[in-house]
A.B. asks: 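I am attaching a structure below and will ask some questions about it afterwards.
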Amino acid sequence: MDDGEFKATVNFIQEIINQDKKTNKHNGRVHLRFPPEPNGYLHIGHAKSICLNFGLAAQNGGLCNLRFDDTNPSKEDVEYIDSIINDVRWLGFDWEGRLFYASDYFEKMYDYAVSLIKAGKAYVCDLSPEETRKYRGSFKEPGRESPYCNRSVEENLDLFRRMRAGEFPDGSRVLRAKIDMSSPNLNMRDPVLYRILKATHHRTGDKWCIYPMYDYAHPLEDYYEKITHSVCTLEFEDHRPLYDWVLNALNLLDLPQQIEFARLNLTNTVMSKRRLRRLVEEGYVTGWDDPRIPTIAGLRRRGYTSEAIRNFCDRIGVAKTNSVVDIRFLEYCIREDLNIKAPRVMAVLKPLRLVIDNYPHDMVEEMESENNPEDSTAGNRKVPFSRILYIEREDFCEDPPKKYFRLAPGREVRLKNAYIIRCEEFVRDEKTGEIKEIHCTYDLESKSGMPGAKRKVKGTLHWVSADHALKAEVRLYDYLLLDQNEGVEEQEEGEDFIKQIKPNSLEVLDDCLVEPSLAGAASGNRYQFMRKGYFCVDPDSTSDKLVFNRIVSLRDTWDRILKAEKN
RNA sequence: UGGGGCGUAGCCAAGUGGUAAGGCACGGGAAUUUGGAUCCCGCAUUCGAAGGUUCGAACCCUUCCGCCCCAGCCA
């Protein structure tokens with residue numbers, strides 16, 4: 001997958017693993033996990049984490065589990081579990097049966113909490129959420145001890161048992177760790193371990209009405225699964241002392257090590273679960289698999305390959321610096337992959353009728369065409385050619401600017417895999433002034449493969465035969481957000497990222513014409529529409545009407561020249 | 001404001017005391033029946049800043065500056 005010119009440099013996590021292997025920490029075992037909360041769809045930021053965790057395991061002869069961190073039933077749902085499992089598998093990773101749920105450990109976690117209480121390291125606190133916040137203090141001020149922090153072990157045990165039994169309403173009591181209310185790290189000011197939540201859990205049903213908090217549950221989950229390296233994102237750095245505290249308070253051995261790295265940000269798009277959910281729920285996009293959003297489902301529908309995504313993730317690097325990766329790098333990765341894989345076909349997106357006046361009326365020639373010049377095993381196909389063709393509207397210009405190599409009055413151009421033609425005249429719609437049709441003559445010595453084809457001609461155009469072409473709908477996607485840098489996290493108070501959405505991030509082309517070899521193209525198939533880009537058959541496609549998504553355009557040097565001249 | 005992190009090119013990112021890798025983007029050129037792909041060439045006298053240590057500093061020390069995260073009974 002990544003052999004060839006690209007060589008990954010050893011990242012800092014691999015360095016830690018190298019060191020641990022050297023000192024035989026964990027007896028040389030390497031065991032990681034990808035621990036999503038099932039409260040949303042996976043996006044390419046998760047893909048970075050998935051590739052990192054599973055990749056590190058693979059590179060080190062280790063293991064990687066898939067684990068759902070389902071400790072908050074009020075936000076989670078099986079819909080998300082199913083989609084996450086599907087996405088991780090689609091990305092190409094295998095947890096080899098080690099699929100776990102935090103909820104599987106609730107009983108053990110409860111028992112550990114009881115031992116914490118017995119050891120005098122946890123207590124039941126009756127403060128309300130508001131009071132708890134006040135007692136916690138601030139960055140400036142130390143917190144104050146809870147009036148309940150010195151309850152007897154017996155009373156704590158009794159209260160905690162009754163919390164579990166459902167005797168108290170939501171929010172009335174919590175179990176707290178007894179650590180240090182004056183710690184400069186707010187996470188250590190007697191953090192909440194368990195809260196009462198009378199919600200039906202998607203897996204345990206109504207068995208529980210108390211649920212462990214992340215800070216308590218996560219280190220235990222890692223411990224139960226014998227995780228050696230617990231990789232998470234930067235915002236958990238402040239939680240590491242608590243992660244370690246839980247494990248140490250219980251006197252556990254062979255402990256996992258939490259290591260934090262920077263999450264992925266991409267330009268021109270949104271990446272937070274909150275924002276993606278908003279786009280979906282408020283109808284700015286058509287669903288979690290809308291090809292404009294960077295969810296795995298969206299990228300997949302758009303036509304991205306898992307290889308390209310993995311490659312991207314492997315190449316962006318792993319570090320602790322907050323960064324925003326240019327989305328054009330992702331585009332580079334998919335073009336690189338599809339350049340080798342995607343068969344070439346001809347498709348005219350915005351058709352302009354072209355008549356070859358000196359070509360016989362009823363003649364049809366089958367033009368031999370290479371399926372993929374980058375792949376000698378891809379073979380050839382025949383494409384029908386006749387007197388009336390369609391070319392791309394933008395491939396003709398009445399009054400061409402300099403450096404324009406395409407068709408213009410009196411000019412010659414090559415039709416890909418066919419003949420060299422000359423534009424003799426064009427017909428204008430009298431009412432609209434729009435150019436309706438162009439008339440050409442062809443050089444019958446210039447057919448591809450013949451000696452006469454060797455003549456140098458500036459431009460080569462793609463085309464379809466009017467009588468043979470298939471109608472198609474093509475969906476062109478643009479970046480979701482206007483400003484390049486608004487892919488970063490939260491904005492100023494009151495600023496709404498919704499305002500940054502491009503009004504025309506989706507353009508639907510209804511009257512496209514594609515070559516007949518595309519008849520019956522299966523959903524998910526990818527092609528290069530020559531000179532236009534890479535396209536993927538959408539699930540909406542039917543035998544009556546083909547529907548394609550543009551995955552990414554080809555690099556367009558002409559377009560760049562035009563833009564450069566504007567500036 | 002207390003704590004925790006991070007500053008190397010437009011964007012990622014190596015570099016760990018011996019004189020700034022690589023990729024993307026960008027610019028130029030070659031070749032070309034895709035203005036694609038490919039191939040060449042160019043692109044940081046300097047590493048957030050200033051001092052110091054050293055024969056030698058992006059790397060070590062000091063001070064300063066900037067950015068990110070934390071005051072959920074979310075994860």
Side-chain angles (χ1 to χ4, degrees), chain A residues 5-11 35-37 39 69 71-72 74-75 125 127-129 132-134 136-143 170-176 183-189 191-197 211 213-215 217-218 232-241 260 262 267 273 315-333 335-336 339-340 344 346 370 373-374 403-406 414-418 420 448-449 453-454 456-462 484 488-489 528-533 553-561 564:
Chain A
E5 72 284 352
F6 167 67
K7 284 201 189 73
T9 50
V10 173
N11 66 54
E37 183 190 13
N39 69 344
D69 211 355
T71 58
N72 185 354
S74 68
K75 293 188 173 175
C125 178
L127 254 23
S128 71
T132 305
R133 179 163 27 85
K134 284 179 190 147
R136 188 158 32 228
S138 67
F139 293 148
K140 254 186 187 155
E141 323 241 326
D170 285 11
S172 60
R173 285 182 229 261
V174 293
L175 183 73
R176 289 230 251 167
S183 170
N185 181 345
L186 305 215
N187 293 123
M188 300 299 271
R189 320 243 260 227
V192 173
L193 267 23
Y194 269 91
R195 78 285 215 183
I196 300 171
L197 210 57
Y211 291 94
M213 299 287 290
Y214 170 88
D215 285 317
H218 210 88
C232 63
T233 42
L234 251 29
E235 68 271 25
F236 292 102
E237 232 158 357
D238 285 342
H239 295 243
R240 194 170 60 227
E260 311 84 12
T267 61
K273 273 186 188 175
R315 293 201 255 202
I316 51 178
V318 179
K320 300 192 70 158
T321 315
N322 283 314
S323 60
V324 184
V325 175
D326 193 328
I327 198 160
R328 290 178 299 180
F329 187 51
L330 214 211
E331 295 177 342
Y332 168 83
C333 290
R335 284 192 187 107
E336 178 192 49
N339 180 43
I340 311 163
R344 274 57 171 169
M346 291 195 285
E370 221 179 351
E374 303 295 325
K403 289 190 189 166
Y404 185 85
F405 305 156
R406 284 110 101 142
R414 185 190 305 276
L415 294 177
K416 178 76 181 173
N417 296 131
I420 293 170
S448 290
K454 294 224 163 73
K456 294 285 175 211
V457 187
K458 273 271 178 78
T460 301
L461 309 187
H462 61 282
Q484 221 203 22
V488 215
E489 280 318 304
Q528 185 196 96
F529 288 179
M530 266 188 288
R531 304 207 304 133
K532 292 272 98 180
S553 67
L554 253 28
R555 263 177 92 228
D556 190 345
T557 313
W558 173 239
D559 190 54
R560 288 215 302 265
I561 291 170

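Since the structure is predicted, the reported quantities are computational estimates derived from the model, not experimental observations. In the text below, chain A, chain B and the rest are named by the order of the sequence lines, each starting its count at 1.
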A.B. asks: Nearest whole Å is fine: how far is B/G3 C1' from A/Leu186 CG?
C.D. replies: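 In whole Å, B/G3 C1' lies 8 Å from A/Leu186 CG.
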A.B. asks: Atom CG of A/Asn187 to atom P of B/G2: distance rounded to whole Å?
C.D. replies: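 After rounding, the reported distance stands at 18 Å.
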A.B. asks: What interatomic distance, in whole Å, is found between P of B/A50 and the corresponding atom of B/C59?
C.D. replies: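 Per the computed distance, 12 Å lies between those P atoms.
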A.B. asks: Taking atom C1' in both B/G36 and B/C74, compute the distance separating them and give it to the nearest angstrom.
C.D. replies: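 Rounded to whole Å, the distance is 48 Å.
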A.B. asks: Should the ring pair A/Tyr332 and A/Phe329 be called parallel, tilted or perpendicular, given that the plane angle runs from 0 to 90° and is split at 30 and 60?
C.D. replies: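 Plane angle under 30°, so parallel.
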A.B. asks: Starting at the 5' end of RNA chain B and moving along, which residue's nearest nucleotide shows up first, A/Asp170 or A/Arg240?
C.D. replies: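 Its nearest nucleotide lies further toward 5', so the answer is A/Arg240.
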A.B. asks: Represent RNA chain B in dot-bracket notation, 5' to 3'. Only Watson-Crick or G-U wobble pairs with both distances under 3.5 Å count; pseudoknot-style crossings use [ ] and interstrand partners use |.
C.D. replies: .(((((((.[[[..)..(...]]].(((((.......))))).....[[[[[..)....]]]]])))))).....
A.B. asks: Could you tell me how far B/U16 sits from B/G48 if I compare only their P atoms? Round to whole Å.
C.D. replies: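 Approximately 16 Å lies between the P atom of B/G48 and that of B/U16.
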A.B. asks: Send over the distance from A/Glu235 CD to B/C68 C1', rounded to a whole Å.
C.D. replies: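 After rounding, the gap between these two atoms is 11 Å.
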A.B. asks: Counting only side-chain N and O atoms of A/Thr267, is one of them less than 4.0 Å from OP1 or OP2 of B/C11?
C.D. replies: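 No, A/Thr267 has no side-chain N/O under 4.0 Å of OP1/OP2 on B/C11.
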A.B. asks: Are any side-chain N or O atoms of A/Arg560 and backbone N or O atoms of A/Arg555, one a donor and one an acceptor, separated by less than 3.5 Å?
C.D. replies: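 Side chain of A/Arg560 to backbone of A/Arg555, a donor-acceptor pair under 3.5 Å: no, none is there.
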A.B. asks: What's the CZ-C1' distance between A/Arg189 and B/C73, to the nearest Å?
C.D. replies: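 Answer to the nearest Å: 17 Å.
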A.B. asks: Output the single nucleotide from B/G2, B/G7, B/A75 whose closest atom is nearest the side chain of A/Phe139.
C.D. replies: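 Selected nucleotide (nearest to the side chain): B/G2.
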A.B. asks: Between CG of A/Asn185 and NE2 of A/His239, what distance do you get to the nearest 0.5 Å?
C.D. replies: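 The distance works out to 8.0 Å.
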A.B. asks: Please determine, for the side chain of A/Val324, which listed nucleotide (B/C12, B/G2, B/A75) has the closest atom?
C.D. replies: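 The answer is B/C12.
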A.B. asks: What's the gap between B/U1 and B/C43 when it is taken at their C1' atoms, as a whole Å value?
C.D. replies: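 It comes out at 44 Å once rounded to the nearest Å.
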A.B. asks: Measure from CZ on A/Phe236 to P on B/A75 and round the result to the nearest Å.
C.D. replies: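 Atom CZ in A/Phe236 sits about 9 Å away from atom P in B/A75.
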A.B. asks: Return yes if some donor-acceptor pair links the side-chain N/O of A/Ser138 with the main-chain N/O of A/Lys140 below 3.5 Å, else return no.
C.D. replies: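 A pair under 3.5 Å: yes.
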A.B. asks: Rounding to the closest angstrom, what is the interatomic distance between B/G4 and B/U62 at atom P?
C.D. replies: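 To the nearest whole Å, 15 Å.
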A.B. asks: If I take atom CG in residue A/Asp215 and atom P in nucleotide B/G72, what distance separates them, rounded to the nearest angstrom?
C.D. replies: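 Going from CG in A/Asp215 over to P in B/G72 covers 13 Å.
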A.B. asks: Out of the candidates A/Met346, A/Arg531, A/Lys416, only one should pair with A/Leu461 under the side chain to side chain contact (heavy atoms under 4.5 Å, CB included) rule; please name it.
C.D. replies: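 When A/Met346, A/Arg531, A/Lys416 are each tested with A/Leu461, the side chain to side chain contact (heavy atoms under 4.5 Å, CB included) holds only for A/Arg531.
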A.B. asks: Distance check needed: B/A25 C1' versus A/Arg328 CZ, whole Å only.
C.D. replies: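 After rounding, the gap between these two atoms is 5 Å.
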A.B. asks: With respect to the side chain of A/Thr132, which nucleotide from B/C11, B/C68, B/C73 is positioned closest?
C.D. replies: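 Given the options B/C11, B/C68, B/C73, the side chain of A/Thr132 is closest to B/C73.
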A.B. asks: Going by an N to O cut-off under 4.0 Å, is there a salt bridge joining A/Glu37 and A/Lys75?
C.D. replies: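 Salt bridge: no.
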A.B. asks: Can you check the distance between B/U46 and B/C69, where both ends of the measurement are the C1' atom (answer in whole Å)?
C.D. replies: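 Rounded to whole Å, the distance is 30 Å.
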A.B. asks: Suppose you measure atom P in B/C6 against the same atom in B/A13; what distance do you get, rounded to whole Å?
C.D. replies: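 To the nearest whole Å, 13 Å.
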A.B. asks: Verify the contact: side-chain N or O of A/Arg195 to OP1 or OP2 of B/A75, cut-off strictly under 4.0 Å; return yes or no.
C.D. replies: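 Yes, such a contact exists.
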A.B. asks: Is it the case that the side chain of A/Arg195 and the backbone of A/Gly171 share a donor-acceptor pair, with hydrogens and angles ignored and the cut-off at 3.5 Å?
C.D. replies: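 No, the answer is negative, given that no donor and acceptor are paired below the 3.5 Å cut-off.
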A.B. asks: Using a heavy-atom cut-off of 4.0 Å across all strands, would you classify A/Ser323 as base, sugar-phosphate, or nothing?
C.D. replies: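 It contacts sugar-phosphate atoms only.
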A.B. asks: Mind telling me if B/G42 is syn or anti? Syn here is a glycosidic angle within 90° of 0.
C.D. replies: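 Here B/G42 takes the anti form, which means its glycosidic angle is more than 90° from 0.
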A.B. asks: When you compare B/G42 with B/G52, how far apart are their C1' atoms, in angstrom units rounded to a whole number?
C.D. replies: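 Taking atom C1' in both B/G42 and B/G52, they lie 38 Å apart.
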A.B. asks: Return yes if some donor-acceptor pair links the side-chain N/O of A/Arg335 with the main-chain N/O of A/Ser553 below 3.5 Å, else return no.
C.D. replies: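 Yes, the answer is positive, given that a donor and an acceptor are paired below the 3.5 Å cut-off.
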A.B. asks: What does the B/S/- profile of nucleotides 32-41 of chain B look like, 5' to 3', with a 4.0 Å heavy-atom cutoff to protein?
C.D. replies: SBBBBB----
A.B. asks: Output all residues satisfying side-chain contact (heavy atoms from CB on, under 4.5 Å) with A/Ser448, sequence neighbours left out; order by chain, then residue number.
C.D. replies: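 For A/Ser448, no residue satisfies side-chain contact (heavy atoms from CB on, under 4.5 Å) once neighbours in sequence are set aside.
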A.B. asks: Could you check whether A/His239 gets within reach of a base, just the sugar-phosphate, or nothing at all, counting any heavy atom under 4.0 Å?
C.D. replies: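 Base, at least one base heavy atom under 4.0 Å.
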A.B. asks: For A/Arg173 and for A/Asn322, locate the closest nucleotide of RNA chain B by heavy-atom distance; then report the residue assigned to the nucleotide nearer the 5' terminus.
C.D. replies: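 Taking each residue's closest nucleotide, the earlier one in sequence belongs to A/Asn322.
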A.B. asks: Any salt bridge linking A/Glu260 with A/Lys320? Criterion: basic side-chain nitrogen under 4.0 Å from a carboxylate oxygen.
C.D. replies: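 A/Lys320 and A/Glu260: salt-bridged.
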A.B. asks: Using whole Å, report how far NZ of A/Lys134 lies from P of B/A71.
C.D. replies: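 Those two atoms, NZ and P, are 18 Å apart.
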A.B. asks: Is the side chain of A/Arg189 donor-acceptor paired with the backbone N or O of A/Arg136 at a distance under 3.5 Å, no angle test?
C.D. replies: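 Yes.
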